[in-house]
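Here's the structure, in structure tokens; my notes come after.
Throughout, protein chains are lettered first and strands after them, A, B, ... in sequence-line order, and every chain is numbered starting at 1. Because the structure is predicted, anything quoted here is derived from the model rather than measured.
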Number of protein chains: 2
Amino acid sequence: MDVDTRLLRSFLAVAEEGSLTRAAERVFVSQPALTKQVRQLETLLGVRLFDRSRAGMALTGPGRELARLAPRVLTAWEDALRATHTAQRQAARVLRVGFLASAANEATQEIVAAFARRRPGWRTELRQAAWSNPSAGLATGDVDAALLRLPFPGQDALRVEPLFSEPRWIALPSTHRLAACDTIAFRDLWDEPFVAAPADTGSWRDHWLAADEREGHPVRIGAVTEQPDDWLNAIANGYGIALAPRSAARFYARPGVVYRPVTGVSPTQVGVAWAPADDHHPVVQDFVHCCLDTARPT
Amino acid sequence: MDVDTRLLRSFLAVAEEGSLTRAAERVFVSQPALTKQVRQLETLLGVRLFDRSRAGMALTGPGRELARLAPRVLTAWEDALRATHTAQRQAARVLRVGFLASAANEATQEIVAAFARRRPGWRTELRQAAWSNPSAGLATGDVDAALLRLPFPGQDALRVEPLFSEPRWIALPSTHRLAACDTIAFRDLWDEPFVAAPADTGSWRDHWLAADEREGHPVRIGAVTEQPDDWLNAIANGYGIALAPRSAARFYARPGVVYRPVTGVSPTQVGVAWAPADDHHPVVQDFVHCCLDTARPT
DNA sequence: GACATCCATTCCAGCAGGTTATAGGTGCAG
DNA sequence: CTGCACCTATAACCTGCTGGAATGGATGTC
């Protein structure tokens, strides 16, 4: 008895939403298509999975059982998928490196070049991650190594080597009252609204709000963004200001946004991270050494 | 990224057979269809899974990785399927009872009737299993309880209550030189070819060959059968003789086959079995009690 | 040189799956 | 009561995937 995982995903969406109409939006198909998919799954199993009513779709007992176990099928498939892709990269001599916007900046090129010298025949595949994914895909095995800003959530489960540190500056809309200053004291910004990363990034978000360096003063959030582009827009449009590494002034220059040095906040660190499973993976370790050599030349 | 489990099954078949042509026979599709399925999986993943050659299909590195993990996806799905069906039966008040051909015989009807009295509203679904499946589906969760001949392989992982015992007789082709005898000594049959159960049924097969009661005398196998019908045919056609419970003489009477009492072999036991997980399942336990009450009336 | 044995390709028929539009209940507000 | 909002189910239609049979092409064998 065979299923398409799509049927399971649709089923779970309906089960969670309790409504075909809403689930249809979530999985990006029309409502009649979902009706058919659910019915198809039901005929395949020979089991009624939902009680239909005008109010929506409610799981039956057997439906609950399936809703409990179907996610395992999906994760088993995702695992298989990931492992296959990892093996593929290995065979194709591709090292996947995740990075957050503005992580290593100019150092990145040097690191990649150094790695190319050390491992001729290997290619690096750089993959930029959204801020909602502060381990840049390392936690899920989507990349082999990552260049990150420290600290980040989930750091304890990974290996991390700090590479260098960089002062934090502040990004302001050019119309801001303080935009004219050469240098700004952080305490003068405590009451300003900030553009923040999504809440689920935890300590990483707090770091960029300098939550620990406000002497208990509360943070005002003016906007939440997931990507550099949105972030720049939010600042330019005056929704708030944001701390940023100094290098952002070069890499994320943009009309309407100015960067100024800030006193009273600690610098930020860039690190390279990898999965413990790769502690003895020669290629990954070579990459890590390239990072260290580039950042702290001996 | 969604897959149909059929693709995974096909992929595994090709991986195991090392040949599209052979795998195609095994999964009952044409060879071109398999060619397409494999290619489809490869394009879906963006990974070459096989090295093609005139000799056949050899897994690549990533292919091996997928072959390692794909079975987990399939078993996860089978688990989900089973759990859903189990819940379905529960909701529909159906108790599935597996039995081997000739297990409880006339007692079966009484047991079912007693259960119907004890649990009005519940239905029993009797499911006859092939001899290649001596736990009658209990080991795989396909049934809730089973009426079996003891001992059977895998018995230790299940709960078993013996119900009654019955002398073993011998089934002979009516043309057999001993068919005329009223009673036969088992030692006179040591050199006869026997019709046996498949080899993978282990101790169950041995029990019906009375392997332990031949004083070391080797067993001759005349035929291997999986089902009562084949078994009767094999005996009637003279491929061999076979031990059988006495009640088989009534339930499996057939021209060309005669049953005779045998001296020198121990009786056979019938038992009811259930999964340890159902030790406190009220309905399963009710069924077990019905079995015990019917077999050993107090 | 004929043959066997692989996998790949082509062509065709059938159906599964999607979409839009619409029907058919039911609760709620005016 | 009526119109509306919100469900799910159905109808009609179209596209493209999928599988089967036949065939091709490469290669090793007798």
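- Listed by first and then second residue, the salt bridge (Lys or Arg N to Asp or Glu O under 4.0 Å) pairs involving residues 20-37 of chain A are A:E16-A:R26, A:E17-A:R22, A:E17-A:R26 (not counting sequence neighbours).
- Remark: B:R68 pairs with B:E65 by the salt bridge (Lys or Arg N to Asp or Glu O under 4.0 Å) rule, at least two apart or across chains.
- By the side-chain hydrogen bond (donor to acceptor under 3.5 Å, both in side chains) test, A:Q40 pairs with no residue at all, sequence neighbours left out.
- Not counting sequence neighbours, the partners of B:N233 by the side-chain hydrogen bond (donor to acceptor under 3.5 Å, both in side chains) test are B:R254.
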Along nucleotides 3-18 of chain C, 5' to 3', which nucleotides get a B, which get an S, and which get a -, given that the test is a protein heavy-atom distance under 4.0 Å?
---SBBB-B-----SB
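- Shown here are the side-chain contact (heavy atoms from CB on, under 4.5 Å) partners of A:S10, two or more places apart in sequence or in another chain: A:R6, A:L34, A:Q37.
- Nucleotides of DNA chain D lying under 4.0 Å from heavy atoms of chain B occupy a range whose first and last members, 5' to 3', are D:dT18 to D:dG28.
- Applying the ring pair (Phe, Tyr, Trp, His ring centres under 6.0 Å) test to every pair with at least one member in residues 44-94 of chain B, sequence neighbours left out, gives these pairs: B:F11-B:F50.
- Every side-chain hydrogen bond (donor to acceptor under 3.5 Å, both in side chains) that A:R127 has, sequence neighbours left out, goes to A:E125.
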